[in-house]
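Just below is one structure, and these are the notes that go with it.
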Amino acid sequence: MVLADGSALTLNSDSVVQVRYDKAVRRIVLRRGAAFFQVVHNPERPFVVEAGDVSVTDIGTAFAVDRDGNHVAVTVSHGIVKVDDRGDRADKQQYIRRDEQFVAASAGSRKVALTTNEVSRQLAWRKGLLVFEGRPLGPAADEVSRYSKVPVVIDDPTLARAEFVGVFHVGDSRGFANAAARAFNGQVSLSDGVFHVSRQENSPSH
């Protein structure tokens, strides 16, 4: 959607924002979920995104903010942003540049350097896709479940650590579960509205 100042906002599924524009500041409050911003820069009227204890100020850029409870990730695809962390963590203010990510969690905050491909992978949801390139199967299943009414659970802890490669449409938890089972000689069962991926009996444990 295009906002009143010409900036563009893309919302992920199950995401909620509040737009609070006034003459002094353009403020977006991310209540939950993820949003991608392409900002029309105006230093006299800052563009600020608030997500819990984290505040992100545009300095001419495109960036995403992802909030899951107290966990907040800020990913910059172009330009630079200023991040203010009002939580009880170190590094209260940082500048995050292109292909960098700021992560704030209960255990602390950190800045991470990403490859351009990793940024594209993390933002593939804007095109309705989920891309996994060597990601452990357990976290991949968690991400798939975020967008689906029928979640996926990896029952075997060893299997959950196995690295997985694939591209799936957002919401296609059945396709993901079947592909994961085929890749690791496993099986899929549906129980209580959940796809369970497990190893077949007598399957090798490597």
Is there a side chain to side chain contact (heavy atoms under 4.5 Å, CB included) between Val103 and His71? Walk through the geometry before answering. CA-CA 7 Å; Val103 178; His71 184 281; 3.6 Å; yes
Go through the steps to decide whether Leu114 and Val112 satisfy the test side chain to side chain contact (heavy atoms under 4.5 Å, CB included), and finish with yes or no. CA-CA 6 Å; Leu114 304 175; Val112 182; 4.0 Å; yes
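Around CZ of Arg32, the count of heavy atoms belonging to other residues, nucleotides or ligands within 6.0 Å exceeds 12.
The OG atom of Ser148 lies 11.0 Å from the CZ atom of Phe176; values are rounded to the nearest 0.5 Å. Taken to the nearest 0.5 Å, the CG atom of Leu30 stands 10.5 Å off from the CD atom of Gln18. Rounded to the nearest 0.5 Å, atoms OG1 (Thr57) and CD1 (Ile80) are 11.5 Å apart. Note: Ile154 CD1 to Leu137 CG = 4.0 Å, rounded to the nearest 0.5 Å. Taking NE2 of His196 as the start and CG of Asp156 as the end, the distance is 13.5 Å to the nearest 0.5 Å. Rounding to the nearest 0.5 Å gives a distance of 4.5 Å between CD of Gln93 and CG of Asp84.
Using a 4.5 Å cut-off between side-chain heavy atoms of Ile, Leu, Val, Met, Phe, Trp and Tyr, with links allowed through other members, Val144 and Val153 fall into different hydrophobic clusters. No single ILVMFWY cluster, assembled from side-chain heavy atoms under 4.5 Å apart, contains both Val29 and Val19.
Between Asp66 and Arg146 a salt bridge is recorded (basic side-chain N to carboxylate O distance below 4.0 Å).
You'll find the side chain of Val197 stays beyond 4.5 Å of the side chain of Asp155, heavy atoms only. Using a 4.5 Å heavy-atom threshold, the side chains of Ser106 and Asn70 count as separate. When side chains are defined from C-beta on, Thr10 does not count as touching Met1, because their heavy atoms never get closer than 4.5 Å. Using a 4.5 Å cut-off on side-chain heavy atoms (C-beta onward), Arg26 and Ile28 make no contact. Residues Gln101 and Val76 fail the side-chain proximity criterion, which asks for heavy atoms closer than 4.5 Å. Within the 4.5 Å cutoff, no side-chain heavy atoms of Val49 are placed close to those of Ser55. A heavy-atom distance below 4.5 Å is found between the side chains of Leu11 and Val17. The closest side-chain heavy-atom distance from Val81 to Val74 is below 4.5 Å.
Side-chain atoms of Tyr147 and Asn12 include a donor-acceptor pair closer than 3.5 Å. For the residue pair Asn117 / Thr115, no side-chain donor-acceptor distance below 3.5 Å is found, with atom types taken as modelled.
A tilted orientation is assigned to the rings of Phe132 and Phe164, their planes being inclined by 30° to 60°. Using the six-membered ring where Trp is involved, Tyr21 and Phe47 have ring planes that are perpendicular, over 60° apart on the 30 and 60° scheme.
Here the side chain of Ser173 pairs a donor or acceptor atom with the backbone of Val150 at under 3.5 angstrom. The backbone N or O of Gly52 sits less than 3.5 Å from a side-chain atom of Arg86, completing a donor-acceptor pair. Within the 3.5 Å criterion, the main-chain N or O of Val152 finds a donor-acceptor partner in the side chain of Ser145. In terms of modelled atom types and a separation under 3.5 Å, the side chain of Glu100 and the main chain of Arg97 share a donor-acceptor contact.
The nearest pair of heavy atoms linking Ala51 to Val72 is O-CG2, 3.6 Å. Looking at every heavy atom in both residues, Leu123 comes nearest to Ala64 through CD2-CB, 3.5 Å. When all heavy atoms are compared, the tightest approach of Phe168 to Gly175 is CE2-O, 3.7 Å. The two residues Val119 and Ser77 come nearest to each other via the heavy atoms CG1-CB, 4.0 Å.
The six-membered or imidazole ring of Tyr95 lies away from that of Phe102, with a centre-to-centre distance of 6.0 Å or more.
By the salt bridge (Lys or Arg N to Asp or Glu O under 4.0 Å) test, Glu50 is found to be paired with Arg27, residues two or more places apart in sequence or in another chain being considered.
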Distance-only donor-acceptor pairs under 3.5 Å for side chains of residues 33-46, two or more places apart:
unit_1	atom_1	unit_2	atom_2	d
His41	ND1	Asp58	OD2	2.9
His41	ND1	Gly60	N	3.3
Asn42	OD1	Glu44	N	3.1
Arg45	NE	Asp22	O	2.8
Arg45	NH2	Asp22	O	2.9

